[in-house]
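Keep in mind that this is a model prediction, so the values were computed, not measured. Residue numbers begin at 1 in each chain, while the letters A, B, ... track the order of the sequences.
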Protein chains: 2
Amino acid sequence: METSCDQDGPWDVYLKSCPCRDVLDLLANKWTALVLGALARRPHRFGELRRAVDGISQKMLTQNLRTLERDGFVTRTVYPTTPPTVEYALTEMGAEVGSHLIALSSWSQANFDRIRDARSTYDDRTLEPVT
Amino acid sequence: METSCDQDGPWDVYLKSCPCRDVLDLLANKWTALVLGALARRPHRFGELRRAVDGISQKMLTQNLRTLERDGFVTRTVYPTTPPTVEYALTEMGAEVGSHLIALSSWSQANFDRIRDARSTYDDRTLEPVT
DNA sequence: CCGCATCCTGAGCGATACTG
DNA sequence: CAGTATCGCTCAGGATGCGG
């Protein structure tokens with residue numbers, strides 16, 4: 001594939017107008033990563049997901065799921081019961097990105113202390129610029 | 001460490017109030033991933049960065065760099081020349097997250113076709129619900 | 001239970017202008 | 001060149017209510 005973006009080519013060029021932006025933008029969303037993460041663990045029903053991803057509004061959940069479905073990351077299965085049962089699961093693609101997301105999250109979980117330290121150091125330094 | 005979040009524990013719990021959110025929120029930003037990506041390739045000066053990350057405004061670049069610096073992902077080195085020279089580089093932590101980000105970007109670059117296909121399939125299907 | 005539609009607020013971000 | 005400050009808008013996203 002000959003896009004302007006090659007992963008061992010210059011990122012500088014890469015950053016301009018490359019499909020990657022689309023995917024990155026996907027994550028530039030408060031919730032998608034969390035939703036994907038939840039689904040990475042196991043399929044969820046709508047309500048479960050709502051509870052799992054604490055703080056998400058129903059609107060955002062729906063919206064994110066639609067986008068993810070459209071992009072082929074999750075599947076939406078409706079069981080014609082009453083009341084309706086809808087199950088969301090990751091596709092293979094979804095699982096692939098999901099794994100990266102999980103890696104990232106694991107990292108942040110493991111290294112959060114370092115970040116916290118960096119923050120307080122920085123804050124201290126900027127508060128007393130001249131002893 | 002005993003947070004409510006354990007990487008092989010339930011994501012459901014994990015998602016509630018866990019440090020990971022902070023890091024994930026970092027990505028929930030239109031630009032940070034791109035900036036980190038650019039710096040992952042090599043250190044950059046401010047202007048270089050601006051040009052590398054196409055479309056970013058000077059304001060957002062500064063803002064992102066400040067946050068990344070505060071969180072300990074990048075270093076900011078000022079050379080007292082005229083005109084001023086400021087170089088930004090990744091810290092080791094920065095490089096670590098950076099690698100994950102690059103993995104993600106490489107993936108999206110490699111798989112974008114699949115996404116595109118998924119999209120058009122989805123769109124076609126929703127446009128003609130009943131043949 | 002699932003999800004769409006509407007309204008409304010505020011953070012995010014871009015544009016512009018000004019310092020060192 | 002690098003950075004700060006201000007203004008104004010757009011739009012993500014929260015709250016609420018209705019419908020299948």
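In this structure, NE2 of B/His44 is placed 16 Å from C1' of D/dA2, rounded to the nearest angstrom. Rounded to a whole Å, the CG atom of B/Leu27 is 15 Å from the P atom of C/dG12. Computed from coordinates, the B/Leu34 CG to C/dC13 C1' distance equals 15 Å when rounded to whole Å. Rounded to whole angstrom, the span from the CE atom of B/Met60 across to the C1' atom of C/dA15 amounts to 12 Å. The interatomic distance linking A/Leu65 (CG) with C/dG3 (C1') rounds to 11 Å, in whole Å. If you measure from atom NZ of B/Lys59 to atom P of C/dA11, you get 13 Å, rounded to the nearest angstrom. If you take CG of B/Leu61 and C1' of D/dC1, they are 13 Å apart, rounded to a whole angstrom. In this structure, the CG atom of B/Asp25 is 14 Å from the P atom of C/dA11, given to the nearest Å.
Taking for each of A/Trp31 and B/Thr62 the nucleotide of DNA chain D with the nearest heavy atom, the 5'-most of the two is the partner of B/Thr62. Along DNA chain C, the nucleotide nearest to B/Gln58 and the one nearest to B/Asn29 differ in position, and the one closer to the 5' end is contacted by B/Asn29.
At the phosphate of D/dC1, neither OP1 nor OP2 sits under 4.0 Å from any side-chain N or O atom of B/Arg45. At D/dC1, none of the side-chain N or O atoms of B/Tyr88 fall inside 4.0 Å of OP1 or OP2 (strictly under the cut-off).
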Practice prompt. Decide yes or no on salt bridge (charged side-chain N to carboxylate O under 4.0 Å, His left out) for B/Arg119 and A/Asp22, but give the supporting numbers first.
Written response: CA-CA 12 Å; B/Arg119 276 183 195 166; A/Asp22 276 60; 3.3 Å; yes

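Clustering ILVMFWY residues whenever any of their side-chain heavy atoms sit less than 4.5 angstrom apart, transitively, puts A/Phe46 in a cluster other than the one holding A/Tyr79.
Within a heavy-atom distance below 4.0 Å of DNA chain C, the residues of residues 70-86 of chain A found are A/Arg76, A/Pro83, A/Pro84, A/Val86.
Considering CD of B/Glu96 and CH2 of A/Trp107, their distance stands at 5.5 Å, rounded to 0.5 Å. Distance check: B/Arg21 CZ to A/Phe112 CZ gives 12.5 Å after rounding to the nearest 0.5 Å.
Annotation for B/Arg66: atom CZ counts as buried by contact number, over 12 foreign heavy atoms lying within 6.0 Å.
B/Asp71 places no side-chain N or O within 3.5 Å of a backbone atom of B/Phe73 that could act as its donor or acceptor partner. Judged by distance alone, with hydrogens and angles left aside, the side-chain atoms of B/Thr32 form a donor-acceptor pair with the main-chain N or O of B/Leu26 at under 3.5 Å.
Using a 4.0 Å heavy-atom cutoff across all strands shown, B/Arg50 reaches no nucleic acid atom at all. Residue contacts for B/Lys30: at a heavy-atom cut-off of 4.0 Å it reaches the sugar-phosphate backbone alone, with no base atom in range.
Between the side chain of B/Gln63 and the base of D/dT4 there is no donor-acceptor pair of N/O atoms closer than 3.5 Å.
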